[in-house]
Amino acid sequence: MTAPTAVVWDVGHVLYDWDPRYLYAKLIPDPVELDWFLHNVVTRQWHFQADAGRPIAAMVAELTAQFPDQAERIAAYWPRWLETIPAPMPGMLDLVAELDAAKVPQFAITNFGAEFWAMFRPTAPVFDAFCDIVVSGVEKVAKPDPAIYALALARFGLAPGEGVFIDDRADNVAAANTAGLIGHVFAGAADTRTWLAAQGILPA
């Protein structure tokens with residue numbers, strides 16, 4: 001069996017924290033009202049349409065028509081979206097730098113809207129170290145659809161067993177395993193480093 005030589009990362013909740021609550025807690029001080037807004041208006045499921053390739057302008061227009069009394073808050077989402085990403089996940093950029101120093105090829109498969117990625121990518125020079133990144137909103141196919149893994153492996157030039165994949169969602173990891181990656185459910189930087197060492201990618 002081929003020993004893994006490359007690392008394929010998820011981005012949200014693995015390399016960077018992300019939550020619309022970080023933005024809307026600034027705009028909606030009442031916690032009950034904030035919870036209602038995030039569970040009924042700007043929901044994660046609504047946002048995930050962008051991951052599948054839907055333009056944000058269309059999403060905002062449709063949602064505003066559904067909730068006209070929330071128009072001002074909905075309108076803030078796109079221009080202030082970077083405020084939903086407060087910081088990298090603790091220790092993770094150091095781990096990426098360690099892999100880069102060890103000359104381990106790094107890639108990413110991320111569920112990310114194309115327009116959001118275009119906004120975010122210039123703020124995150126860590127990705128300069130990556131060989132390639134497959135962005136679901138650009139490709140219009142999102143994890144855990146098998147098609148995104150097939151596309152990524154072909155683009156990355158990785159044969160089955162040559163790459164490990166770290167994602168915070170078990171369904172995405174299961175799909176990656178089926179596609180020929182060696183998957184691991186993210187549980188923090190220390191756990192990830194220990195697991196990468198067990199795979200022989202980093203020294204123990």
Side-chain angles (χ1 to χ4, degrees), residues 7-28 31 34-60 63 70 73-97 106-130 132-145 148-149 152 165-173 175-176 183-192:
V7 177
V8 183
W9 297 104
D10 176 33
V11 176
H13 301 299
V14 174
L15 298 180
Y16 283 85
D17 195 4
W18 171 77
D19 195 328
R21 182 175 292 270
Y22 290 119
L23 166 62
Y24 283 106
K26 302 173 185 177
L27 303 178
I28 307 173
L34 174 62
D35 283 344
W36 176 86
F37 182 83
L38 293 174
H39 283 95
N40 294 281
V41 186
V42 174
T43 66
R44 285 173 177 253
Q45 286 307 118
W46 173 78
H47 170 88
F48 291 157
Q49 296 176 81
D51 294 352
R54 194 167 186 217
I56 184 63
M59 291 167 53
V60 166
L63 194 64
Q70 300 294 323
R73 291 169 175 171
I74 295 167
Y77 192 67
W78 168 232
R80 296 184 63 176
W81 182 80
L82 284 177
E83 294 174 59
T84 67
I85 300 182
M89 296 293 284
M92 290 307 296
L93 300 196
D94 291 338
L95 185 51
V96 169
Q106 296 182 81
F107 305 88
I109 306 171
T110 181
N111 281 359
F112 220 113
E115 294 159 296
F116 293 123
W117 182 255
M119 181 188 289
F120 171 66
R121 173 61 182 88
T123 74
V126 64
F127 295 114
D128 294 345
F130 282 46
D132 196 2
I133 300 169
V134 167
V135 178
S136 67
V138 174
E139 307 302 336
K140 296 183 170 52
V141 59
K143 296 176 294 183
D145 190 317
I148 196 169
Y149 299 96
F165 176 70
I166 297 103
D167 195 294
D168 65 301
R169 285 180 44 169
D171 56 342
N172 292 342
V173 170
H184 181 69
V185 178
F186 178 74
D191 172 79
T192 302

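When reading the values below, keep in mind they use all heavy atoms of this one structure, side chains included, and skip hydrogens, waters and symmetry mates.
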- Could you tell me whether the side chain of Leu23 reaches within less than 4.5 Å of the side chain of Trp81, counting heavy atoms only? no
- Item | Atom pair CZ (Phe130) and CG (Leu15), whose distance is rounded to the nearest 0.5 Å | 5.5 Å
- Query: Looking at Arg169 and Asp167, does any basic side-chain N land under 4.0 Å from a carboxylate oxygen?
  - Reply: no
- Note on the structure: Tightest non-hydrogen contact, residues Asp17 and Pro86, listed as O-CD, 3.7 Å
- Start with the C-alpha gap between Val173 and Phe186, add the side-chain angles, then the distance that decides, and say whether side-chain contact (heavy atoms from CB on, under 4.5 Å) holds. CA-CA 9 Å; Val173 170; Phe186 178 74; over 6 Å; no
- Task: Answer yes or no: is there a side-chain heavy-atom contact under 4.5 Å between Thr84 and His47?
- Result: no
- Under 3.5 Å, is there a donor-acceptor pair between the side chain of Ser136 and the main chain of Phe112? yes
- Message: Could you walk me through whether Asp19 and Arg44 satisfy the side-chain contact (heavy atoms from CB on, under 4.5 Å) test, starting with their C-alpha distance in whole Å, then the side-chain angles of each, then the deciding distance to 0.1 Å, before giving a yes or no?
- Response: CA-CA 9 Å; Asp19 195 328; Arg44 285 173 177 253; 3.2 Å; yes
- Might you point out which heavy atoms bring Pro122 and Trp117 nearest each other, and give the distance in Å? CD-O, 4.4 Å
- Query: Looking at CE of Met89 and CG of Asp168, how far apart are the two atoms once the value is rounded to the nearest 0.5 Å?
  - Reply: 8.0 Å
- Task: Ignoring hydrogens and angles, tell me if any N or O in the side chain of Thr43 forms a donor-acceptor pair with the backbone of His39 under 3.5 Å.
- Result: no
- Shortest non-hydrogen pair, Ala142 vs Asp51, comes out as CB-O, 4.2 Å
- Note on the structure: Scanning both residues in full, the closest heavy-atom pair of Tyr149 with Ile109 reads CD2-CD1, 4.0 Å
- Item | Rounded distance [0.5 Å steps], CD1 in Ile28 versus CZ in Phe37 | 5.0 Å
- Item | Flag side-chain contact, heavy atom, 4.5 Å: Trp46 against Val60 | yes
- Would a distance-only check, ignoring hydrogens and angles, find a side-chain to backbone donor-acceptor pair under 3.5 Å from Arg121 to Ala124? yes
- Work out which heavy atom in Trp36 is nearest to a heavy atom in Gln70; give both atom names and the distance. CZ3-NE2, 4.0 Å
- Message: Any non-hydrogen side-chain atom of Trp18 less than 4.5 Å from a side-chain atom of His13?
- Response: yes
- Distance (rounded to the nearest 0.5 Å) between Tyr24 OH and Leu34 CG: 10.5 Å
- Can you tell if the side chain of Arg73 reaches within under 4.5 Å of the side chain of Val41, non-hydrogen atoms only? no
- Task: Kindly compute the distance separating CZ (Arg21) from CG (Asp35), expressed to the nearest 0.5 Å.
- Result: 4.5 Å
- Query: Quick one: does Asn172's side chain get under 4.5 Å of Asp10's, heavy atoms only?
  - Reply: no
- Shortest non-hydrogen pair, Asn111 vs Lys143, comes out as OD1-N, 2.8 Å
- Whether Phe116 and Tyr77 hold their rings parallel, tilted or perpendicular, with breakpoints at 30° and 60°: perpendicular
- Message: With a 3.5 Å distance limit and no angle check, can you tell me whether Gln49 reaches the backbone of Met59 through a side-chain donor-acceptor pair?
- Response: no
- So do the side chains of Trp9 and Phe127 get within less than 4.5 Å of each other, counting heavy atoms only? no
- Message: Is there a side-chain contact between Met119 and Leu82 in this structure, where contact means two heavy atoms from C-beta onward sitting under 4.5 Å apart?
- Response: yes
- Task: Report the distance from atom CG of Leu63 to atom CD1 of Ile74, rounding to the nearest 0.5 Å.
- Result: 4.0 Å
